Amino acid sequence: MRVPGYWRNMPFLYRLAGWKCVHCGAFHNYKPVVCKRCRSREFAQIELPASGRLIAYTTVRSPPKEFAQVAPYAIGLIELDDGTRIISQLTDFREDELRDGARVEAVFRRIRVNGDQGIIEYGYKFRPALRRS
Amino acid sequence: MVKLGDVAIHGYGGYIPRYRIKAEEIGRIWGQDKSGFPVTEKTVAGIDEDAATMAVEAARTALRRAGIDPRKIGAIYVGSESKPYAVKPTGTIVAEAIGATPTKLAADLEFACKAGSEAIAIIAGLVRSGQIEYGLAIGADAAQGRPGDALEYTAASGAAAFIIGKPDHGAVAEIEAWSGYATDTPDFWRRPSDKYPMHTARFTGEPAYFKHIIGAVKSLLENDGYSLSEIDYFVFHQPNVKFPLAVAKYLKVGQEKVSPGLIANLVGNTYSACSLLGLVNVLDQAQPGQRILLASYGSGAGSDAFVIRVLDGILEKRDLAPRLAELIEDKIYVDYSTYLKLRDEILMR
Amino acid sequence: MAGVYVAGVGFTKIAEHWDRDLEHLMVEAANKAMEDAGVSSVNAIYVGCALSEPLQDQMNLGALMAECAGLVGAPALRMEAAEASGAAALYAGFCDVASGRSEAVLVVGGEKLSDGLSDEVSSGMMMMSGRSWYEGFMGADFYALNALLYRLYSKRYGEEGIPFFPVISHEHAEGVPHAQYPFKISLDRVLESPFIADPLRMLEVSGIGDGAAAVILVNEDLARRLSSPKARIYISSATDYVNPFDREDPLRLQSVLLAVNKVLEQAGVSRSEINMIELHDATSILAALCLESGGFSPPGEAGKLAMKGEFGLNGRLPCNTFGGLKARGHPFGATALYQVAEIYLQLAERAGKNQLDNPRVGLTLSLSGVGAAAFASLLKKE
């Protein structure tokens with residue numbers, strides 16, 4: 001639990017907001033000083049689309065201690081509708097819905113709870129899209 | 001009775017978790033008969049859900065329908081009796097998650113099951129006074145019921161959110177009138193250190209639920225001159241299926257005007273979101289010009305009643321997000337042990 | 001660049017060393033290496049360790065090592081590059097000697113994973129495989145990232161032969177005194193082991209153990225004066241985007257390709273002259289990706305070549321001749337130095353029953369995370 005770090009990263013963790021390089025288009029999920037691909041210093045603030053499709057997935061069964069309570073949990077590689085690829089926990093999936101190409105959408109969830117006294121850290125996860133297109 | 005006027009709902013959203021447990025499954029554990037349960041099934045929040053996350057989901061749906069810039073939202077009030085923090089506002093979490101920061105006001109409200117409707121009344125006042133352009137009123141709960149208690153069959157999870165502003169082209173409904181009725185009637189409470197609420201069984205009925213709801217509704221009907229025939233839908237707080245139907249019977253309202261807003265049988269009692277989700281379900285199907293009477297109830301005890309008139313905007317905005325019925329149909333049943341895990345009832349520390 | 005030579009090596013058995021502290025394991029390895037090389041002092045000490053902060057509550061390992069090894073006074077630095085920390089220490093020590101500043105340096109790596117509970121080790125590993133506010137926050141640990149790569153690989157090429165890499169490593173580890181798991185396992189046993197993160201199985205990933213390894217690097221002058229066998233060493237490194245899915249092709253480890261190309265160029269050696277490789281087989285899929293990305297197997301073929309026996313002790317390109325990360329063991333900060341030591345033993349004809357027939361050139365590959373950094377070192381018989 002590191003509260004200032006959590007606070008600094010809220011834009012991405014809460015609503016997939018980040019910075020896109022004006023020159024090469026690379027997406028940064030943190031506030032960059034220089035572009036990680038082309039070293040440009042010009043960025044546009046954007047929000048990534050909140051829906052996409054599942055490219056690959058797995059289930060973590062022996063999790064790090066922060067995630068003991070939610071084990072087992074699924075992790076997915078997701079291609080968002082604009083082509084950006086992101087890693088996310090998957091939630092509310094029935095086992096038969098975990099498949100390549102499944103439509104998914106972002107939701108807001110508890111990620112780490114930090115016991116009874118610490119801060120509750122929230123962020124995005126992806127679930128099966130309600131409207132399956 | 002207070003004539004509100006000049007206040008309208010621009011976007012609305014309901015959220016319920018995907019998990020359900022059948023009353024029968026709970027009854028199996030506690031040796032209860034298979035008949036006579038207060039509801040058929042109830043929603044169960046996922047292990048990663050709480051009042052704040054559900055408030056965000058409902059707010060995002062409301063925002064999709066409203067189509068406004070979230071930075072125009074000047075106040076966010078979240079009504080809940082299961083707020084994730086004893087001290088720290090849920091409203092700021094919602095504000096950040098929907099891109100509404102910095103907002104002006106963001107407090108949490110608690111009045112048992114009616115804090116969400118009270119949030120609507122407060123937001124309406126702020127809008128009418130011109131202090132804010134838009135406000136967001138939310139009722140959200142991951143309700144607690146002591147294992148084995150009667151409440152366990154109904155205590156459910158969900159949220160409903162309303163973006164309220166001045167009426168203009170595109171508003172989905174106008175809030176025409178409001179009335180409130182509150183007294184000190186201790187039918188249900190929870191002390192700060194307790195995880196589950198206490199209640200007084202049959203005392204929660206006649207002197208509590210019925211007296212306050214009927215008080216608020218009668219005030220609207222009698223003082224404001226609405227006749228029953230002018231109201232197309234009645235939505236009452238629904239801790240079970242029986243109570244709202246009994247109110248309707250007392251008021252001589254036909255069941256066809258109550259059913260569209262009565263979802264407790266398949267959702268359970270979502271506490272602060274309860275009557276508001278009924279309103280969401282009605283907005284999902286009402287036609288422009290129709291009137292809805294909403295009456296919430298919060299133990300302790302009080303009721304807010306509103307008369308809401310549906311506007312033309314409903315037709316274009318309704319389908320900008322999935323209807324509540326789709327969420328009600330989309331479900332995963334869990335057994336009692338999974339339910340305990342999801343609701344953090346397994347001691348892990 | 002002046003020549004740098006490995007003049008001696010030392011290591012502990014990889015096991016759960018309940019009765020020993022991290023620094024004492026490292027001292028054992030360091031002493032063995034100094035005796036092996038025949039040196040009684042060094043100009044500098046380079047220490048590789050990844051997780052001493054979370055698992056031993058300890059920093060300042062350089063000075064601590066100098067003291068415990070009875071070498072107080074020598075400059076001592078600790079280098080960190082996650083699982084490749086030992087390789088990072090080697091890189092620094094190499095540069096020190098190559099620059100002419102030092103005549104002899106001690107490079108020692110150690111890790112004591114058994115001091116942590118398994119979920120603490122998992123948390124530590126998560127610090128190494130991603131950014132803490134992204135993959136770490138999401139609970140996408142090292143195994144999860146490997147599993148996603150495995151899926152993409154299977155979709156593109158099929159998974160044939162990938163689960164065979166642990167079988168090779170265990171076969172080579174059989175009877176190796178310093179190996180953590182010195183026994184054979186069958187392909188069926190690998191395939192029947194439970195998933196750690198599907199499709200990655202428990203027996204396709206390296207275990208948790210303690211160990212330390214050390215290498216003495218010397219300059220050409222000293223190398224000539226010492227009587228121990230010498231191997232000339234070269235080392236290169238490269239980085240890539242930390243998250244494999246930020247890379248143009250997640251199944252091509254560019255850091256590996258760049259590091260291998262650079263070290264081959266430095267040494268003036270071609271791929272076909274390499275007689276053996278120590279792979280970073282922290283997972284089966286990484287073993288395959290190392291071979292393919294490094295240009296030692298066509299893309300999608302590593303598993304099939306493995307099944308054909310190409311990477312066995314009698315194959316075209318023997319890999320992990322003492323068991324690799326999977327069977328010899330993978331105490332992170334020490335691992336790269338075990339690799340170098342094992343290549344050295346092969347070149348010095350001291351590999352016992354695992355001895356290859358007159359090997360001349362060996363390569364080691366050490367990765368941090370999922371190839372965020374790669375280190376390639378090449379040893380040449382002198």
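These numbers come from the heavy atoms of this one structure, side chains and all, not from hydrogens, waters or symmetry mates. Throughout, a chain's letter reflects where its sequence line sits, starting with A, and its residues are numbered from 1. In this text the structure is predicted, and so the values were computed from the model without any measurement.
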_Residues A:Glu97, B:Arg18: salt bridge by 4.0 Å N-O rule_ = yes
_Exceeds 12 heavy-atom contacts within 6.0 angstrom, atom NZ of B:Lys72_ = no
_Region of B:Leu342 that comes under 4.5 Å of a non-hydrogen atom in chain A_ = neither
*Determine the minimum heavy-atom distance between B:Arg60 and A:Val107, stating which atoms define it.*
NH1-C, 4.1 Å
*More than 12 heavy atoms of other residues, nucleotides or ligands under 6.0 Å from NZ of A:Lys31: is that the case?*
no
*Which heavy atom of A:Arg15 sits nearest a heavy atom of B:Ala97, and at what distance?*
CB-O, 3.7 Å
*Counting only heavy atoms closer than 4.5 Å, note whether B:Ala55 contacts chain A via side chain, backbone, both or neither.*
neither
*Would you give the length of the straight line joining atom CG of B:Asp48 to atom CG of A:Asp92, rounded to the nearest 0.5 angstrom?*
6.5 Å
*If you look at every heavy atom in A:Tyr14 and B:Ile93, which pair is closest and at what distance?*
CE2-O, 4.0 Å
*Looking only at heavy atoms, what is the nearest atom pair of A:Arg110 and B:Glu49, with distance?*
NE-O, 4.2 Å
*Could you state the interatomic distance from CZ (B:Arg323) to CG (A:Leu130), rounded to the nearest 0.5 Å?*
13.0 Å
*With a 4.5 angstrom heavy-atom cut-off, could you sort out which part of A:Tyr122 is near chain B: side chain, backbone, both or neither?*
side chain
*When you look at NZ of B:Lys317, are more than 12 heavy atoms from neighbouring residues, nucleotides or ligands closer to it than 6.0 Å?*
yes
*Under a 4.5 Å heavy-atom cutoff, which of B:Asp50, B:Val56, B:Ile332 has the most pairs with chain A?*
B:Asp50
*asked:* Heavy-atom cut-off 4.5 Å, strictly under: side chain, backbone, both or neither for B:Lys88 against chain A?
replied: neither
*Considering all heavy atoms, the nearest A:Met10-B:Glu96 contact*: SD-CG, 4.0 Å
*Counting only heavy atoms not in A:Trp7, do more than 12 sit closer than 6.0 Å to its CH2 atom?*
no
